[in-house]
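Before any comments, here is the structure.
Order of appearance sets the numbers: ligands from 1, and atoms from 1 within every ligand.
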Amino acid sequence: MSSSAIRKKIEALREKIRHHEYRYYVLDDPELSDADFDKLMNELKRLEAEHPELITPDSPTQRVGGKPREGFVKAKHSSPMLSLDNAYSEEELRDWERRVHELSGRTDLEYMCELKLDGMSLALVYKDGQLERGITRGDGSMGEDVTLNVRTVRSIPLSISKDKLKKAGIPADFNFEVRGEMLMPLAAFRKMNEEREKQGLATFANPRNFTAGTVRQLEPSITAQRRMDYFAYFLLKDGRTFFDRQSKTMDAMESAGFKVNPHRKLAKNLDEVWKFIQSWEAKRESLPYEIDGIVIKVDRTSWQRELGFTGKAPRWAIAYKFAARGAVTQIEDIVPQVGRTGKLTPVAWLKPVPIGGTTVSRATLHNMDFIEQLGVKIGDWVEVERGGDVIPKVVKVVEDKDHPRGHKQFEMPEHCPVCGGNVVRTEGEADHRCVNANCPAKLQGTILHFASRHVMNIDGLGEALVNQLTERGLVKNVADLYKLTKADLLGLERMGEKSAENVLSEIEASKKLPLERVIYGLGIRMVGERTAQFLAEHFGSLDAIMKASAEELEEVNEVGPRIAESIVEFFADEHNRKLVGDLRKAGLTFAGQKKEKGTKLAGKIFVLTGTLARHTRDEAKEMIENAGGRVSGSVSKKTDYVVAGSDAGSKLDKARELGVSVIGEEELEKLVG
Ligand code: IVH
């Protein structure tokens with residue numbers, strides 16, 4: 001092929017891919033299967049690898065590039081990026097309209113109503129139709145250049161054809177700026193937080209904080225994995241609004257190929273605005289991303305200009321803020337609490353507030369990273385939610401005229417509040433821990449965990465009793481529980497004959513509980529309820545688990561190198577081995593049974609890479625393992641199949657290099673049967 005023919009072929013392929021990216025990421029309406037899309041992308045990658053001189057920065061293959069950086073460069077905005085005044089009631093909204101009527105001398109204004117997306121505002125500068133820069137809001141006049149991160153967001157066009165721009169009526173020289181909201185969809189937020197939790201990393205309080213952390217991420221390939229989205233809401237030319245109406249701006253950006261939120265309405269009066277607000281306040285949970293209100297903008301640009309600005313916000317727009325979903329209350333203090341692993345968890349002591357039928361007065365703040373991310377201080381007002389779990393969560397700091405900010409910064413103590421031992425934070429970890437192995441808080445926490453409902457279900461063994469048992473030295477480890485006598489218990493405060501008998505019979509009954517409960521109860525770091533279940537099913541007995549090597553442990557569903565190492569370490573400790581022996585002597589049965597696996601994929605080694613569309617990685621792993629196959633982390637000659645999802649990277653290249661078969665999700669499903 002001649003070089004111009006190749007150039008043409010590459011450009012045609014790019015246009016095709018851009019079209020399909022637009023269908024998928026902007027319209028949410030793909031025309032191709034992921035596998036077919038990947039084929040196009042791989043074809044383009046192959047051609048570009050053969051002809052590197054033809055790679056252009058706006059090629060769809062060039063979204064992730066550049067080296068990790070040390071920081072960001074400041075960038076000036078073409079005109080200030082302002083914020084909005086808020087209204088919290090219909091009355092405040094009507095006050096705003098009254099002011100607007102007075103100042104403009106007209107009452108026939110139309111209003112553009114838009115969702116107030118709860119993310120982070122961001123400016124995109126286009127030059128000659130090519131994305132040149134992405135800039136955060138910063139202080140409004142100066143932001144940070146986050147171009148490399150912005151480029152990884154697939155709903156943001158890297159370039160727009162002049163044809164398309166012309167049709168949309170966009171500035172003739174194709175230099176313009178789009179402003180809008182970067183956000184993290186809820187599904188991505190939940191998935192990312194779950195993964196972080198598994199890896200022992202700090203989780204994020206809400207998608208907005210996650211967005212902010214991601215936009216300022218120094219490594220663009222990490223941003224790329226975080227599945228961010230971007231909705232445009234302004235188009236500027238030389239720092240000024242270009243179209244004569246906000247509604248036209250939105251339509252034009254939409255036809256140019258930007259993602260513009262479809263839930264918008266041009267209202268003729270405030271009654272219509274109010275209807276729009278109420279309907280979205282009721283429906284907000286149905287959206288796949290978070291909104292915190294409705295933005296109302298005077299539609300005509302000329303009238304916007306007449307109305308002008310106050311200090312930091314336009315007079316021609318207002319944000320109606322929805323009521324908090326959880327309860328709003330004040331943090332009276334932040335107190336570190338020592339858990340069974342020695343971890344110090346900062347707990348917010350709240351002014352008691354009713355949520356869903358119970359009074360909440362405590363909420364966890366997880367660790368210092370979480371506190372810093374929320375920016376929370378003692379005295380702050382916060383929104384507290386009770387999700388699916390019982391533990392209430394602080395989701396954000398509230399700040400408005402009725403809820404001034406607090407001032408007192410919380411600091412982690414250097415010494416354990418329970419035993420006075422040293423508190424350390426290991427590099428790379430989010431948590432502070434008390435390093436004293438004999439810290440009584442650890443022992444009490446361990447016993448309480450062992451006795452809790454999901455573990456050995458020993459009813460009646462609560463905090464007050466455990467504290468007495470440990471303080472008097474009657475219980476030094478969980479095996480000691482099985483040595484307790486009625487006389488021991490009767491010697492304690494508030495313990496009658498009947499309660500003592502009850503506790504003893506509860507303890508007795510726990511001996512018959514299945515293996516997974518005991519594994520969970522041992523309190524091995526990073527081994528939760530689910531992992532304990534997988535371990536029990538895989539090995540069938542505690543002896544087998546104790547003998548397993550890290551490699552063998554890694555064959556278990558959801559067990560990675562860190563968890564495997566933690567298990568090996570736990571059983572390498574002679575105290576822990578003795579503890580297991582004592583439990584056995586006490587009469588615990590550790591009853592377990594290996595889950596029989598299929599044989600369809602027996603002996604076959606799989607590697608998973610990229611993002612699968614229909615299954616999570618864990619599900620795919622489970623599917624393979626249930627069919628007798630094994631999942632490995634890296635591609636080698638021994639690998640039988642690489643299962644590739646979208647955005648598959650170096651593992652896919654390696655597979656091609658070694659000639660390993662690459663299959664998609666559907667083919668995997670067929671193999672499993
Ligand atoms: S207009 C001067 N429109 O809300 C105009 N903002 O509280 C300011 N936001 O910083 C922006 N959705 O991050 C506008 N449809 C929307 C919005 C929106 C979310 C955010 C934006 C802004 C903040 C102001």
Ring centres under 6.0 Å, that's the criterion: do Tyr230 and Phe258 meet it?
no

Check whether Phe242 forms a cation-pi arrangement with Lys248 (NZ or CZ under 6.0 Å from the six-membered ring centre, at most 45° off the ring normal).
no

Can you report which non-hydrogen protein atom sits closest to atom 3 (N) of ligand 1, along with the distance?
Lys297 NZ, 3.0 Å

Can you tell me how far the OG1 atom of Thr136 sits from the CE atom of Met142, to the nearest 0.5 Å?
11.0 Å

Atom indices of ligand 1, in the order listed, that fall short of 4.0 Å to a heavy atom of Leu82
2 (C), 8 (C)

Taking the ring of Tyr320 and the ring of Trp96, is the distance between their centroids below 6.0 Å?
no

At under 4.0 Å between heavy atoms, what of Asn261 touches ligand 1? The answer is neither

Answer yes or no: does an N/O atom from Lys116 fall short of 3.5 Å to an N/O atom of ligand 1?
yes

Within the 4.0 Å heavy-atom cut-off, what Val295 brings close to ligand 1 is side chain

Please list, in number order, the atoms of ligand 1 under 4.0 Å from a heavy atom of Pro314.
2 (C)

At less than 4.0 angstrom from any non-hydrogen atom of Ser121, what atoms of ligand 1 do you find?
10 (O), 13 (O), 21 (C)

Please confirm whether Asp118 comes under 4.0 Å of ligand 1, counting heavy atoms of the residue only.
no

Between ligand 1 and Glu114, is the shortest N or O to N or O distance under 3.5 Å?
yes

List the steps and the verdict of side chain to side chain contact (heavy atoms under 4.5 Å, CB included) for Phe322 and Trp280.
CA-CA 9 Å; Phe322 293 148; Trp280 277 107; 4.2 Å; yes

Reported OG1-to-CD1 distance for the pair Thr329 and Ile355, which is rounded to 0.5 angstrom
8.5 Å

For the residue pair Phe176 and Tyr126, categorise the inter-ring angle as parallel (less than 30°), tilted (30 to 60°) or perpendicular (more than 60°).
parallel

Heavy atom of the protein closest to atom 13 (O) of ligand 1 (residue, atom name, distance)
Glu181 OE1, 2.7 Å

Starting from atom 12 (N) of ligand 1, find the nearest protein heavy-atom neighbour and note its residue, name and distance.
Leu117 N, 3.0 Å

Atom 5 (C) of ligand 1: which of Phe231, Tyr233, Phe234, Phe309 has the nearest heavy atom?
Phe234

Side-chain heavy atoms of Asp118 within contact of Pro207, under 4.5 Å
no

